[in-house]
Chemist: 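If you scroll down you'll find the structure; I have some questions about it.
In what follows, chains carry the letters A, B, and so on, assigned in the order in which the sequence lines appear, proteins first and then strands, with residues in each chain numbered from 1. The shown structure was predicted, so the numbers you read here are calculated from the model rather than taken from an experiment.
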Amino acid sequence: MNAWVGTILRVDLAAKTVVKEPLNIKDAHDYVGARGLGTKYFCDEVDPKVEPLSAGNKLIYMTGPLTGTAATSGGRFEVVAKSPLTGTIGAANSGGYFGPELKYAGYDGIIFENASESPVYLYIKDDVVELRDASALWGKSVFETTDLLKEECGSSFKISCIGVPAENGCLFSGVLNDKHRAAGRGGLGAVMGSKKLKAVAVRGTGAVTVARPEKFLDALTNARKTLKAHPVGGSGLAALGTQVLVNIINESGALPTRNWRDGAYFPEANETGGESLAEKYLVKNKGCFACSIDCARVTRVPDGPFKSSGEGPEYEAGWAYGADCGVSDLAAICKANFLCNEHGIDPITMGATIACAMELYEMGAIPESDIGFPLRFGDPHAIVKLTEAVGRFEGFGKILALGSYRLAEKYGHPELSMSVKKQEMPAYDGRAIQGMALEYATSNRGACHVRGYLTSPEILGVPIKVDPFVTEGKAGLLKLFQDLTALIDSTGICLFTTFGLGLQEIAAQYREAVGTDETDDEILLKGERVWNLEKHFNIAAGVEKDTLPPRLLREKLPGGPAAGKVAELYVMLDEYYKVRGWDSDGVPTPEKNVELGIDA
Amino acid sequence: MSKQFIIKPEKCVSCRTCELMCSFEHTKKFIPSLSSVTVFDYEAAMTSAPIMCMQCEEACCLKVCPVEAISRDGQGAVVINKDKCIVCKMCVSACPLGNISFSPATKKVFKCDLCGGSPKCAEFCPSGAIQFVDPTESPDRKKAVAEHFKDVFGQEELS
């Protein structure tokens, strides 16, 4: 049972029962942990056709074998459910301190079944696990809930919870922990809300052991040194955070501007970037549990109309409120982002949905009376006001709370939702970075940047530099990145460790922790198994085909280094299905299923 | 000359690597509840600080121990002899800094022993918030103040 603590909590929210059951160690071996293992449990137990906000959906918290160890950035856990935003498998990963604390309490994961009639929260203090009344917490924000639960349970408890939008079915509400860390994308907060589960409060005093302590120490020491020596993972992210990308991506002509309508170059980008953030509002940087990258920003806007403080923004959130809404006021961007954490919503979809509403308003498709004020690109007050409206779930916020696809569809222009499988694309234009176009189209949870981040090789040159305009070879590269990402997400360490580490260092830590002698390639194959399992679920769920918004496929970029380009998706997609061992419709072949040991 | 800890809360990133490596060094497990160093996070003040035994020269724990189980080793660490210790916990009460703890799980008292002269918390701290330095070396905070004076009053030609 090395690297695992051996017990899963099964909580029936309708019957109000908590059962402790042994971890399925075979599945843990085959699917690694966290994202992979959570998805495996989910797929075995839930009908893919389940209505996401019905009691039949389940909500799973799952840690990985490296969660709670000193492995590089080894503090992550995964929340898994069927996504109400996309209808795909929903798996969202979070850092902070909650995941390790759950393991120290003695539990590798929690499976929530059915729905409660009245608000509850799960209290865990080592062996003591009970469902408690949360009526007094219902209607409270993430921050209020966290503070109240720490008062009630004790300051050393770690809190994971939802805000008001999630209680009301906001399709991009997240599950937040430690106030500022989010299992953010895909609307898993709404699943938790539909179960009337407000929070999980955990305190653990136990241990996580590893199979080969001396060798594990060597592996983590080596990995930590390698990571620290890397210019991005070692010092770049600590100095400027992920917002360092704003100028880099803008100069590459890949920063989508005003709902992707005005190309991918935002003249005022520098005012919204990591350098400006460091100069104006950064108080200090911060790390999640066991992390040496320390990319988190502790930030404060000291005065003015957007006076506020909190953590972030991350690059993709900063882009959604910045270039995508045409807003160059960094103080407003910071405040809007803080509000997302406070209320528990995904800032990427929030900002992108406002951007979509701005375009619809400017073209006359949304009447001003629906919104309450003229909603034009570039208005810093609008991004804060509308985020607050979603946060409080009132007025036009109730419509925005369903995301850009439902918004654009309601007002007659679904093609203006910049989304794939109804989840908004983040801050990289697939016309200027061709691999990202393929990534968005094929991601198993709708458009996403952390499902095979080809920006890393195409723009940053990590680990090798490839041409962002070329389509050839991107399919194979994407498969590798997707499989490696699935593996990393499943181990319980942070994906950002790849800004310095490769499969070798990551596999070494996994091997010594769980006590296996599998080769690097055999370990990587588990990542491919996870990816294929997710794909099988989506096929059975009847998810729409892999494509992109017409704007990316047809509207040429008007200027910048990628002028004249469109996303050449279909050239890459055919090749992608081939390298995946799938048929021409994107369905895994029987041979592939046999190779991966998946029953389909 | 024994080295000493210097704590720099302004550099602490709250990652708790110190807690992990301390517990691993002493138990071969990752168990922060048995770590002799603890990170305290102050969210509203936007700061955090790792706290551990500073090995007092006039150590109350050593003085109060009724069975002489606590002594100073060659590295300058105040250490507990587990064979002599009767776990009366007087040292826990006597320490004015709260840096000796009792574990209900192991039924032992424990404190920082400087890992035999090479503390793992300092070795693995990724941000330099915990340093283990020779006190006779020029303290860098003092030096930073001096450099500020140099910048303000100095006559150095700026290129």
Chemist: Relative to chain A, which of B:Arg16, B:Glu10, B:Lys29 shows the most heavy atom pairs under 4.5 Å?
Modeler: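 The candidate making the most pairs under 4.5 Å is B:Arg16.
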Chemist: Think A:Lys158 forms a cation-pi with A:Tyr97, using NZ or CZ under 6.0 Å from the six-ring centre and within 45 degrees of its axis?
Modeler: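 Satisfied, under 6.0 Å and within 45°.
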Chemist: Examine the side chains of B:Gln55 and B:Lys111 and answer whether a donor and an acceptor come within less than 3.5 Å of each other.
Modeler: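 The criterion, which ignores hydrogens and geometry beyond distance, is satisfied for B:Lys111 and B:Gln55.
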Chemist: Which bit of A:Ile293 comes within less than 4.5 Å of chain B, counting heavy atoms only: side chain, backbone, both or neither?
Modeler: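 Neither part.
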Chemist: Please confirm whether B:Phe30 and A:Tyr104 have ring centers closer than 6.0 angstrom.
Modeler: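 No, the ring of B:Phe30 stays outside the 6.0 Å limit from the ring of A:Tyr104, centre to centre.
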Chemist: Specify which of A:Glu214, A:Arg224, A:His180 makes the most heavy-atom pairs with chain B at under 4.5 Å.
Modeler: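 Heavy-atom pair counts peak at A:Arg224.
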Chemist: What part of B:Ala44 gets closer than 4.5 Å to chain A, counting heavy atoms only: side chain, backbone, both or neither?
Modeler: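 Only the backbone of B:Ala44 comes within 4.5 Å of chain A.
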Chemist: Run the side chain to side chain contact (heavy atoms under 4.5 Å, CB included) test on A:Asn285 and B:Val13 for me, step by step, so that the C-alpha distance in whole Å, both residues' side-chain angles and the decisive distance to 0.1 Å come before the verdict.
Modeler: CA-CA 6 Å; A:Asn285 64 320; B:Val13 293; 4.2 Å; yes
Chemist: Does B:Lys89 qualify as a cation-pi partner of B:Phe102, given the criterion of NZ or CZ under 6.0 Å from the six-membered ring centre and within 45 degrees of its axis?
Modeler: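 So B:Lys89 does make the cation-pi contact.
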Chemist: Picking from A:Lys284, A:Lys286, A:Lys179, what satisfies salt bridge (charged side-chain N to carboxylate O under 4.0 Å, His left out) with B:Asp41?
Modeler: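 Testing B:Asp41 for a salt bridge (charged side-chain N to carboxylate O under 4.0 Å, His left out) against A:Lys284, A:Lys286, A:Lys179 leaves exactly one candidate, A:Lys286.
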Chemist: Check each atom of A:Thr72 against the heavy atoms of chain B and say whether the ones under 4.5 Å are side chain, backbone, both or neither.
Modeler: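 Contact with chain B involves no heavy atom of A:Thr72 at all.
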Chemist: Cation-pi check for A:Tyr107 against A:Lys103: NZ or CZ below 6.0 Å from the six-membered ring centre and within 45 degrees of the axis, yes or no?
Modeler: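 No, A:Lys103 and A:Tyr107 do not form such a contact.
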Chemist: What part of B:Ile31 is in contact with chain A, defined as an atom under 4.5 angstrom from a non-hydrogen atom: side chain, backbone, both or neither?
Modeler: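 When you check distances to chain A, atoms from both the backbone and side chain of B:Ile31 fall under 4.5 Å.
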Chemist: Tell me, out of B:Glu43, B:Lys28, B:Met21, B:Met46, who's got the most heavy-atom pairs with chain A below 4.5 Å.
Modeler: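 Option with the top pair count is B:Met46.
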Chemist: Side chain, backbone, both or neither: which part of A:Val210 has a non-hydrogen atom closer than 4.5 Å to chain B?
Modeler: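 Just the side chain, heavy atoms under 4.5 Å.
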Chemist: Side chain from CB out, backbone as N, CA, C, O: work out which of these in B:Ser23 comes under 4.5 Å of a heavy atom of chain A, or both, or neither.
Modeler: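 Nothing of B:Ser23, per the 4.5 Å heavy-atom cut-off to chain A.
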Chemist: Below 4.5 Å from any heavy atom of chain A, which atoms of B:Phe24 appear? Answer side chain, backbone, both or neither.
Modeler: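 The answer is the side chain of B:Phe24.
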